[in-house]
Amino acid sequence: MKKQIPILITATVGTVLVLSVFFPPAKMLGEDFSLFFDIIAVFAFFLGGGNLVRVHFIKVYRRKSDWVYSVVTLVGFTMMLASGLFKLGGPPGISGSVTADGSYLNTMFIHIIAPLSSTMYALLAFFVASASYRAFRAKNREATILLIAAFVILLGRTPLGMMATGWVWESLSIFQIPNLAVWVMNVPNLAGQRSILIGVGLGVVAMSLRLILGMDRTYLGGDND
Amino acid sequence: MLNRVLLLCLALVWTVSVSVTAQDVAEGGIDTLSLPLPAPAQNVVAANHVYDDGEVIDVNWDKSPDDPENILGYIVYRAETDGAFDSIRTLLPGETFFSDDNVEDEIPYKYQIGVIGENGVSLSGESELAVATWELFNFGMWNTFLWMFVFCGSVIGFIISAKSGRKLYIRKIGGLEALEEAVGRATEMGRPILFIPGILDMDDVQTLAAITILGKVARVVADYDSKIRMPVSRSLVLTAARETIKESYTSAGRPDGYNEDMVQYVTDEQFGYVAAVNGIMVREKPATCLYLGAFFAESLILAETGNSIGAIQIAGTARPGQLPFFVAACDYTLIGEELFAASAYLSEDPKQLGSLKGQDVGKVIAMFGLLVGTAAMTLSVAWQVPATQWILDLMNNLFTTN
C-alpha cells in the first residue's frame, strides 16, 4: 500500500495533466492539480527551514569541524526571519511591506545578499577562462575544430574581426569573420541544440510514460512493496 | 486723484486679461475646448474563443481613424443581454483585440468599444451577443495528439515486445557505465559522494530524473558502505531525496546505514546554494561529484570547483546552454535524453529498456520529417519546383503546433 497509493496518485495526476492539454473540460482539473503542488511546497518549506536550523544547531552544539560557519548561518537565518516576520524597521503592522524603504529585510537584501550573489556570479568569468583553456587545447581533431570555432566566434564579436576581414569582396562576405561567427551560431550550433531538444522531448515523454504506468518506481525507492 | 488711480487699475486689468487671452489662444487652450470627440472604433465583433473550456470570449474591432495621434486609448465595455454596459478593461492605442476571460459560460454578452480622446469618450456600436461555450476536444492540437498516440504506442509496443523476451540492443552510455566505478573510487578513498540534483523543484522533470538516478546511486552507495552527501535547494526535493535514499538503504538490507543528515536543505537562493555547495566541496573534498538535473549559471562554477579538488565528475542536464560547461569540466556528461534514459538503463529491466527503444521510433520520424522538409524547402526556394508546395503544406500541418 505504501507504494501503490503514490503510484495511483502519479498515474491519475499525470493522465489528467496530459489530457487537459487536448480536452478543454479537463483544463480546470489540471490547474487544480498544479495548485496542489504549490500548496504542498509551501508546507514543505517548514521542513527545509527546520532541517537547516537542526543541522547547524547540532554542529554548533557538538563543536564539529567548521562550526563557526554554522553560527554565521544561524545568525543570518534568524535575522532575516525575524526582520521579515515582524516587519522590523519598516512600516509596522501586518499590512506593512517588507520591501518598503527602511525595512531591515529590504536593507539586508540590497546591501548583503545582492552583492554576495553578484560576487558569486562574477566568479563565472574566471571559471569560464579556466574551462576554456582546458577545452580548447588542440589535443585531437574534435578539440581543434572546437578551438577554431571558438576563435571565429570570439574574433567575430569584436571590432578586430571586421578590421581583419573587412576587405573581403562583397560576393564572398560570408568569409568575413563577423558573418562567419553568425553562421556558426545560427547553423551548426542551432542544429546541434535543436537535435538535443528533440531528444529531450522524446526522453521526457518516455520517462513520463514509465512513471504514469508505474514501471519506474525508483523515486519511491525501487520495486519492493 | 481717485479717478486717476481707478483709471490706472482698469488699464492694468485690461492689459492682464488681454495678455492671458492671447496666451490661451497661442497654447490652444481655448481651441481644445472646442475639439470634437475622436472617431469611434468600427466593426466590433465578439465571438466564442474556440477550443477552450468555456471561459473566454474574444473581442475584435477596427481601429479608430484617429488612432494613434489623437486618442489616449480604448475602453472595453461589456453588458449582459438587457443589462447596462460596464467598463471592464482599458487598453493602449493600437490595440484591436481583447480576450475576456472573466465570463460565465452559457450567458450571452455584448461588447462596446470606447475611444478615449482628450475631450471625452466616443462609443462604437454594440457587438452581436456572444456566448462562451466549451468544446470537448482541442482540434487545434490534433497533430500533437496524433504524434502522442504514435509515440506512446511505439513505446508500449516495445515494452510488450521486451516482456515477451525479445532481446533489445541499447547502446552503452559512458557516464552511466562509470557510475559504479565512481562510487567505488569514493569508497576506496574514504571520501563522500556529492550528489547535486539541480536547483529546480520536484515539478521539473529533470529533478524527477535526478531523483530516479539517486535511487540507483544510493543503492550502490549502500552496497559499498560508502557515504553520500546531498545538499538541496528545495524543500520538496529534501523530502523526496530522503525517502529515496532511505528506501535504497532498506532494499540493500542496510537500513541502519541510513542517516537523515545525508540530505541537507541549504537555501532556495541560487548563488547562496552555489556558495554553500562550493564550501562543502572545498572543505570535505568529495571523491565523486554527480550533477544531475536542471542547472543554470551555477553549472560551471560547481563543475570547475569539483575539477579543482580532483573529484571524478559525472554531469547530466537537458539544458543545451549548460551542456558545453559540463562537457568542458566533467569526466562524463549525460546529454539531454540520456539523463531521462538513465533510470531505465541502470535498472536493466526489459520493460523499461523497451521504453528506450520506443524513443527511437520518435527519432526516426523526426529525422524523416527533417530530411523531407529540408529537401522540399530547398527545391522550392532554389529551383521554384511547384510540386514541393503541397509537401511543405503537409509538413506544416503535421508538425506545426497551434
Side-chain angles (χ1 to χ4, degrees), chain A residues 18 21-28 34 37 40-41 44-49 51-52 55 58 65-66 69 113 116-121 123-124 127-128 130-132 134-135 192-193 196-211 213 215-216 218-224, chain B residues 51-53 134-138 141 145 151-152 155 201 203 205 208-209 211-212 215-216 235-236 238-240 243-244 246-248 250-251 261 264-265 269 271-272 274-275 279 283 297 300-301 304 318 320 323 325 328-329 335-337 340-341 343-344 351-352 355-356 358-359 362-363 366:
Chain A
V18 171
V21 176
F22 302 104
F23 297 94
K27 192 176 142 200
M28 187 69 87
S34 301
F37 174 83
I40 294 166
F45 177 75
F46 291 104
L47 288 172
N51 173 261
L52 183 88
V55 166
I58 290 171
S65 62
D66 302 319
Y69 299 125
I113 295 176
L116 287 175
S117 293
S118 304
T119 308
M120 284 305 296
Y121 186 60
L123 284 176
L124 203 55
F127 287 130
V128 166
S130 63
S132 304
R134 263 202 317 282
Q193 289 213 14
I196 291 171
L197 284 174
I198 289 172
V200 166
L202 294 169
V204 169
V205 175
M207 190 186 153
S208 307
L209 209 57
R210 287 199 300 272
L211 292 172
L213 296 176
M215 289 189 332
D216 190 344
T218 329
Y219 68 104
L220 297 171
D223 292 330
N224 300 355
Chain B
Y51 309 143
D52 73 339
D53 53 344
W134 60 270
E135 288 81 21
L136 186 62
F137 183 73
N138 183 351
M141 295 191 76
F145 193 68
F151 186 53
C152 291
V155 169
D201 217 328
D203 59 342
V205 70
L208 212 54
I211 294 295
T212 59
K216 305 290 180 192
S235 305
L236 270 184
L238 170 90
T239 48
E243 281 300 310
T244 305
K246 190 178 176 182
E247 289 294 329
S248 293
T250 307
S251 60
D261 294 340
Q264 179 192 343
Y265 173 78
E269 180 72 26
F271 289 108
V274 177
R283 287 193 300 273
L300 190 62
I301 302 177
E304 275 295 288
L323 282 169
F325 298 135
I335 297 174
E337 60 172 324
F340 304 112
S343 171
K351 285 185 289 180
Q352 295 202 43
S355 74
L356 296 187
Q359 273 178 243
K363 283 185 208 164

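Note on naming: letters A, B, ... go to the chains in the order of the sequence lines (proteins, then strands), and numbering restarts at 1 for each one.
Between the CD atom of B:Glu337 and the CE atom of A:Met207 there is a distance of 13.5 Å, given to the nearest 0.5 Å. In this structure, OG on A:Ser118 lies 11.0 Å from CG on A:Leu123, to the nearest 0.5 angstrom. Here the straight-line distance linking atom CG of B:Leu238 with atom OH of B:Tyr265 works out to 9.0 Å at 0.5 Å rounding.
Ranking B:Ala275, B:Gly358, B:Gly279, B:Gly272 against chain A, the residue ahead of the rest is B:Ala275, based on heavy-atom pairs under 4.5 Å. Among B:Leu356, B:Leu323, B:Asp261, B:Thr239, the residue making the largest number of heavy-atom pairs under 4.5 Å with chain A is B:Asp261. Comparing A:Tyr69, A:Phe37, A:Phe46, A:Phe45 by heavy-atom pairs within less than 4.5 Å of chain B, the highest count is held by A:Phe37. Taking chain A as the reference chain and counting heavy-atom pairs below 4.5 Å, the highest number among B:Trp134, B:Phe137, B:Tyr51 is found for B:Phe137. With chain A as partner, the option from B:Lys351, B:Lys363, B:Gln264, B:Glu269 having the largest number of non-hydrogen pairs under 4.5 angstrom is B:Gln264. Comparing A:Lys27, A:Met120, A:Gln193 by heavy-atom pairs within less than 4.5 Å of chain B, the highest count is held by A:Met120. The candidate with the highest count of non-hydrogen atom pairs below 4.5 Å against chain B, out of A:Leu116, A:Ile198, A:Val205, is A:Val205. Residue with the most contacts toward chain A among B:Asp203, B:Leu208, B:Val205: B:Asp203 (heavy-atom pairs, distance under 4.5 Å). Among the candidates B:Ala341, B:Ala329, B:Cys152, B:Ala240, the residue making the largest number of heavy-atom pairs closer than 4.5 Å to chain A is B:Cys152.
For A:Ile58, no part sits under 4.5 Å from any heavy atom of chain B, backbone or side chain. With a 4.5 angstrom heavy-atom cutoff, B:Ile335 touches chain A only via side-chain atoms. If you measure heavy-atom distances from B:Asp52 to chain A, the contacts under 4.5 Å come from the backbone alone. Contacts between A:Leu209 and chain B at a heavy-atom distance below 4.5 Å involve the side chain alone, from C-beta outward. For chain A, the nearby parts of B:Lys216 are the backbone and the side chain; heavy atoms of each come within less than 4.5 Å. For A:Val18, the part sitting under 4.5 Å from any heavy atom of chain B is the side chain, from C-beta outward, and nothing else. Heavy atoms of A:Val204 lying under 4.5 Å from chain B belong to its backbone as well as its side chain. Interface residue B:Phe151: only side-chain heavy atoms are found under 4.5 Å from chain A. Within the 4.5 angstrom heavy-atom criterion, only side-chain atoms of B:Ala366, from C-beta onward, approach chain A. In this structure, the portions of B:Ile301 lying under 4.5 Å from any heavy atom of chain A include both its backbone and its side chain.
Of all non-hydrogen atoms in A:Ala135 and B:Ala328, the two that sit nearest each other are CB-CB, 3.9 Å. Nearest heavy-atom pair across B:Ser235 and A:Gly48 is OG-CA, 3.6 Å. Summarising the geometry of B:Ser343 relative to B:Thr212, their closest heavy-atom pair is CB-OG1, 3.5 Å, with the distance given to 0.1 Å.
At distances below 3.5 Å, not a single donor-acceptor pair connects side-chain atoms of B:Gln359 with backbone N or O atoms of A:Ala206. No donor-acceptor pair under 3.5 Å is formed between the side chain of A:Asp216 and the backbone N or O of A:Arg210.
Judged as a salt bridge (charged side-chain N to carboxylate O under 4.0 Å, His left out), and not counting sequence neighbours, the contacts of A:Asp66 are B:Arg283.
Side-chain atoms of B:Leu136 and A:Pro24, non-hydrogen and from C-beta on, never get closer than 4.5 Å to each other. At least one side-chain heavy atom of B:Pro320 sits less than 4.5 Å from a side-chain heavy atom of A:Leu197. Here the side chains of A:Val21 and B:Met141 are in contact, with some heavy-atom distance below 4.5 Å.
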